[in-house]
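What follows is one structure encoded as structure tokens, with my remarks underneath.
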Number of protein chains: 2
Amino acid sequence: MRQGRGRKRNNDALRMEDVAAQAGVSPMTVSRALRDPAAVSQAMRDRVQAAMQHTGYVPNRLAGSLSSQRSRVVGLIVPGISNSLYAQMAQAIADVLSQHGLHLLIASSGHDSAAEEAAIAAFLGQRVCALILHSTRHTARATALVKAAGIPTVEIGQLTRTPLDLCVSYSGFKAAKAMVMHLGSLGYRRIGFVTLPVHDNERSVERRRGYRAALKELGLPEDPAIIAESEPGFAGGVSAVVQLIERAPDIDAIFFAADVMAVGALFECQRRGWAVPDRLAIASFDDVDLLSHVAPTITTLRIPREEIGRQSAAMLVARLNGTHEGPPVVDLKFDIAQRESTTRAQKNTSGRRS
Amino acid sequence: MRQGRGRKRNNDALRMEDVAAQAGVSPMTVSRALRDPAAVSQAMRDRVQAAMQHTGYVPNRLAGSLSSQRSRVVGLIVPGISNSLYAQMAQAIADVLSQHGLHLLIASSGHDSAAEEAAIAAFLGQRVCALILHSTRHTARATALVKAAGIPTVEIGQLTRTPLDLCVSYSGFKAAKAMVMHLGSLGYRRIGFVTLPVHDNERSVERRRGYRAALKELGLPEDPAIIAESEPGFAGGVSAVVQLIERAPDIDAIFFAADVMAVGALFECQRRGWAVPDRLAIASFDDVDLLSHVAPTITTLRIPREEIGRQSAAMLVARLNGTHEGPPVVDLKFDIAQRESTTRAQKNTSGRRS
DNA sequence: GCTTTTTGTGGTAGCGCTACCAAATTTGGC
DNA sequence: GCCAAATTTGGTAGCGCTACCACAAAAAGC
């Protein structure tokens, strides 16, 4: 006799069976009352409800997901959680998801494809029902894993012509080009350009392409002396503005195509007595709150970050419900906020410094 | 014969059994090779490894967690993901957790206990192995749920004498008091105080208590005219500084005990020609990068946000490993960054405005 | 060489839930 | 009032993994 083998029953946690006993119904009825109340009569629903209340039952979604082969958890992989851009997208995503009873698993990859691959594998192990990836560059295995998993997946970092599945973003190329065209139309002729190091940031490459395309269209020469790469943060703007002005004293505008560099640059200009915008115009990429609170206020692109988060989440929800229709790639619109830092002729006296 | 009842076998996804067959071992050996490689001989380990590589197997952690009754997912509930304070804590937490093979489920509660309760229930449903809660106020059911779950739980929003389980934070009371004492020692005598509305922010209450305690110790009267509540963000600082200066023209310093209010106030002072620090000194709570980049630089408390994240995650990991020792409440240290915005006598001319 | 210990591998049952079908109950048609 | 259809409830098997024990094989002891 093989008694004593295998595992003993666990009596710790409350199970559906316990609630069922309490309500005097079968476990199946409890299960249905939870996920498809309409399929259960009013009387049963009430009894189950009461029993759950009474016992303080918390359904085990691990078991539920294993059994039903689908979970209510979405995985999000961003380069970093603390960066406010990603954080805002994450917030928008979380808000939409939670409205639909979905949960958010977050990992940060730090711009590293290998880390992204590991996170994807881990998330698939958790059997997430969908993925949101910020990056658009993936390792071969990462791509294979996602395809094999067959779950809805949105890429949100930038537009791709070859999405894994879905893509919701804006065109960094078009945005950068539009801003440079805008500066050109204001009369600036020596327009500098600063990004993060292009070698580990795909988006910087797109933006620089946009810059070049605009110069060409404006009939302006491309001069390596007024193109720079710099570190993220205020400090990056500080060092870049100093570098460009020294290399090309005739520069009349700089477009900082990343992060809060433009603000760092503005502060440095003020410290050094370079009037903005009279001596040097400054434009930024992406609209952080700060840009409209400094003096002078800084001209920038308004990138629909939260819209990206909302739409990508909404798209996933639609796909999960089988109600999604429309193209797999959504190109969201940006616009330009023209402010004091690129205003010619009538200068802003409150921006003056020693 | 009851054939046709129940469910048919699923052949979609790769299971451990498939890998086992491929490797020519039993599923048990595969299972062990994955989670306790030391218990398996080198030869077996290699064969299993090769089979996993070959098949592209991704273990189903849902099944694993269900069976082992423990998951590798930690739940974090913060008031909001996009707020950089919480985002930075979350980042630090995620970093430590991922080093230990744990994943992070995030929910935002928006300062609402009911939303927090819902998130806790949802997370417990997902059978998280630990919880990190920013809030220290919980509904009765939330408290009951957490206690019943019996999982390690850290509260990180502020120090409590009565933690649910563990607490890692700093004392908002001591921090605020220290800053006001600091301002007093610099010679300021009419020190204003601004927080977020205390009614929905427990931490604001602590900070105000600290302010009062310091005034008392400094022998200064408490004057409702120089205490205000304001909205978060730059705008909150703008409106508060105007309000306080109008109500009490003799005010000589303001301590903004929340968010980036101090920066908003500084900008407004510059717009209105109120010299900082000569006309009005400004101090802030918590060290955002921005504070040391504006001119004048802003005096502030340095709160160990990332340290809170790191330590709380580390504590959970230790508890999960059963190696935790030490007190359940950890009081982390803050310090004061004295900068130009509260510098007397030798004033900073670069901070001058029209 | 034969038992004892150590090490490695395998079988079974069960984690708590849900899909699928069957059975019971109610409702409707005439 | 009787049978068919619609509605509601219940039983069984299985989701893919791991805990627990049993057992085989190798190593060690005498």
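Quick caveat: nothing in here was measured; it's all calculated off a predicted structure. Residue numbers start from 1 in every chain, and the chains themselves are labelled A, B, ... in the order their sequence lines are given, proteins ahead of strands.
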Could you check how far [atom1] of [X] sits from [atom2] of [N], rounded to whole Å?
{"X": "B:Asn60", "N": "D:dT18", "atom1": "CG", "atom2": "C1'", "value": "12 Å"}
{"X": "B:Met44", "N": "D:dA24", "atom1": "CE", "atom2": "C1'", "value": "12 Å"}
{"X": "B:Asp36", "N": "D:dC17", "atom1": "CG", "atom2": "C1'", "value": "16 Å"}
{"X": "B:Glu17", "N": "D:dT18", "atom1": "CD", "atom2": "P", "value": "14 Å"}
{"X": "A:Gln42", "N": "D:dT9", "atom1": "CD", "atom2": "P", "value": "11 Å"}
{"X": "B:Leu62", "N": "C:dC17", "atom1": "CG", "atom2": "P", "value": "13 Å"}
{"X": "B:Arg72", "N": "D:dC17", "atom1": "CZ", "atom2": "C1'", "value": "16 Å"}

| message | I'd like to know if the side chain of A:Thr153 and the backbone of A:Ile151 have a donor-acceptor N/O pair within less than 3.5 Å. | response | yes
Let's see if you can work this out: which of [options] has an atom nearest to the side-chain heavy atoms of [X]?
{"X": "A:Ser68", "options": "C:dG16, C:dA19, D:dG10", "result": "C:dA19"}
{"X": "B:Met28", "options": "C:dG16, D:dT18, C:dC20", "result": "D:dT18"}
{"X": "A:Met16", "options": "D:dG16, C:dT18, D:dC20", "result": "C:dT18"}
{"X": "A:Ser41", "options": "D:dT9, D:dC15, C:dT18", "result": "D:dT9"}
{"X": "A:Ala63", "options": "C:dG10, C:dG16, C:dA19", "result": "C:dG16"}

According to a strict under-4.0 Å criterion, is [X] in side-chain N/O contact with OP1 or OP2 of [N]?
{"X": "B:Ser67", "N": "D:dA19", "value": "no"}
{"X": "B:Arg32", "N": "D:dC20", "value": "no"}
{"X": "A:Ser31", "N": "C:dT18", "value": "yes"}
{"X": "A:Arg35", "N": "C:dA19", "value": "yes"}
{"X": "A:Gln69", "N": "D:dG14", "value": "no"}

Just by distance, with hydrogens left out, do [X] and [Y] show a side-chain donor and acceptor under 3.5 Å apart?
{"X": "A:Gln126", "Y": "A:Ser71", "result": "no"}
{"X": "A:Asp95", "Y": "A:Gln91", "result": "yes"}
{"X": "B:Thr160", "Y": "B:Glu155", "result": "no"}

| query | Can you find a donor-acceptor N/O pair under 3.5 angstrom joining the side chain of A:Ser26 to the base of D:dG11? | reply | no
| query | Contact class for A:Pro59 (heavy atom, under 4.0 Å): base, sugar-phosphate, or nothing? | reply | sugar-phosphate
| said: Regarding A:Arg70, tell me which of base, sugar-phosphate or nothing describes its non-hydrogen contacts under 4.0 Å with the strands shown. | reply: sugar-phosphate
| query | Which residue lies toward the 5' end of DNA chain C, B:Leu66 or B:Ala38, if each is placed at its nearest nucleotide? | reply | B:Ala38
| request: Identify, between B:Ala39 and B:Arg127, the residue whose nearest nucleotide on DNA chain C lies closer to the 5' end. | output: B:Ala39
| Is the count of non-hydrogen atoms from other residues, nucleotides or ligands lying under 6.0 Å from B:Arg45 atom CZ greater than 12? | yes
| query | Which of these, B:Leu76, B:Leu332, B:Val168, sits in a side-chain contact (heavy atoms from CB on, under 4.5 Å) with B:Ser312? | reply | B:Val168
